[in-house]
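Both counts, for ligands and for their atoms, begin at 1 and track the order of listing. Just the heavy atoms: all of them, side chains too, but no hydrogens, waters or symmetry mates, feed the values below.
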Amino acid sequence: MNLNEIVGDGKNMIETTLLMIKPDAVQRGLIGRIITRVEEKGFKIIGIKMQQLTESKVEQLYDIHLEKPFFPILKDFILAAPIVALAIQGPSAVKVIRTLAGATNSPEAQPGTIRGDFGLNLTKNIVHSSDKVERAKYELSILFNENDFFDYELINEIWIKG
Ligand code: CMP
């Protein structure tokens, strides 16, 4: 599937976003519980890929943070173990997945959010999610190939579309 077809155009409310399960969550055995939250909300997972990132991929994924003082710490952390990349599709997916993830700084994240329930750290904050449709398109293109995306119907789709 072509990324242009799946990310959404800002008018159609069906968007596709990236949720990346970080090494801390993978090593803590939280993959299933995080995916369950995405599925229970009603979203469709159209791509799922465990992968060990390379330095180059981390630098591409976090290009906007390359010059930040915390970047070396962030890079070492992301390289510490595999991540699981999820391509998630549904109504207002970018915004809603960020709401499910909770505040970036885990100690400030509300209970009920992924970071609020599982995280206690700013760097080791369990997940990453894209903050805009265009950014989702860019980040998905780093972690997925076009043939990693799958088009299928969820049987509950008529109940979750606007
Ligand atoms: P994420 O949503 O993956 O986007 C960038 C990441 O950088 C962020 O989550 C945090 O894990 C990390 N981060 C942001 N600010 C800081 C900071 N001041 N010190 C350390 N890590 C940070």
- [ ] Using a cut-off of 6.0 Å, state whether more than 12 heavy atoms not belonging to Q52 lie near its atom CD.
- [x] yes

Open item on the list: Return the closest protein heavy atom for atom 8 (C) of ligand 1 as residue, atom name and distance.
Closed with: T104 CG2, 3.7 Å

Task: Over all atoms of both residues, closest heavy-atom pair of V94 and K132 - done: CG1-N, 3.6 Å

TODO: Determine whether R135 and L18 make a side-chain contact, defined as any pair of heavy atoms from C-beta on separated by less than 4.5 Å.
DONE: no

Task: Shortest protein heavy-atom distance from atom 9 (O) of ligand 1, along with the residue and atom involved - done: N125 ND2, 3.1 Å

Open item on the list: If we only consider heavy atoms of K22, is any one of them less than 4.0 Å away from an atom in ligand 1?
Closed with: yes

Open item on the list: As a check for students: among I73, L122, D131, identify the option with a heavy atom nearest to atom 11 (O) of ligand 1.
Closed with: L122

Open item on the list: If the cut-off is 4.0 Å to any non-hydrogen atom of T123, which atoms of ligand 1 fall inside it?
Closed with: 11 (O), 20 (C), 21 (N)

- [ ] With heavy atoms under 4.0 Å as the rule, classify the contact between H65 and ligand 1 as side chain, backbone, both or neither.
- [x] side chain

Task: Side chain, backbone, both or neither: the part of K75 lying under 4.0 Å from ligand 1 by heavy atom - done: neither

Task: Any side-chain heavy-atom pair of V58 and F71 under 4.5 Å - done: yes

Open item on the list: With a cutoff of 4.0 Å, is R98 in contact with ligand 1, counting heavy atoms of the residue only?
Closed with: no

Task: Numbering as shown, the atoms of ligand 1 that approach R115 to under 4.0 Å (heavy-atom distance) - done: 2 (O)

TODO: Check whether NZ of the Lys or CZ of the Arg K75 lies under 6.0 Å from the centre of the six-membered ring of Y62 and within 45 degrees of that ring's axis.
DONE: no

Open item on the list: Check whether D117 reaches the backbone of P111 with its side chain - one donor and one acceptor, N or O, closer than 3.5 Å.
Closed with: no

Open item on the list: Using a 6.0 Å cut-off, check whether atom CG of L66 has over 12 heavy atoms from anything other than its own residue.
Closed with: yes

Task: The one among F77, Y62, F70, F71 that brings a heavy atom closest to atom 22 (C) of ligand 1 - done: F70

Open item on the list: Can you confirm whether H128 sits close enough to I78 that some side-chain heavy atom of one is under 4.5 Å from a side-chain heavy atom of the other?
Closed with: no

TODO: Could you tell me the residue and atom name of the protein heavy atom closest to atom 2 (O) of ligand 1, and the distance to it rounded to 0.1 Å?
DONE: H128 ND1, 3.1 Å

Task: S129 N/O under 3.5 Å from ligand 1 N/O - done: no

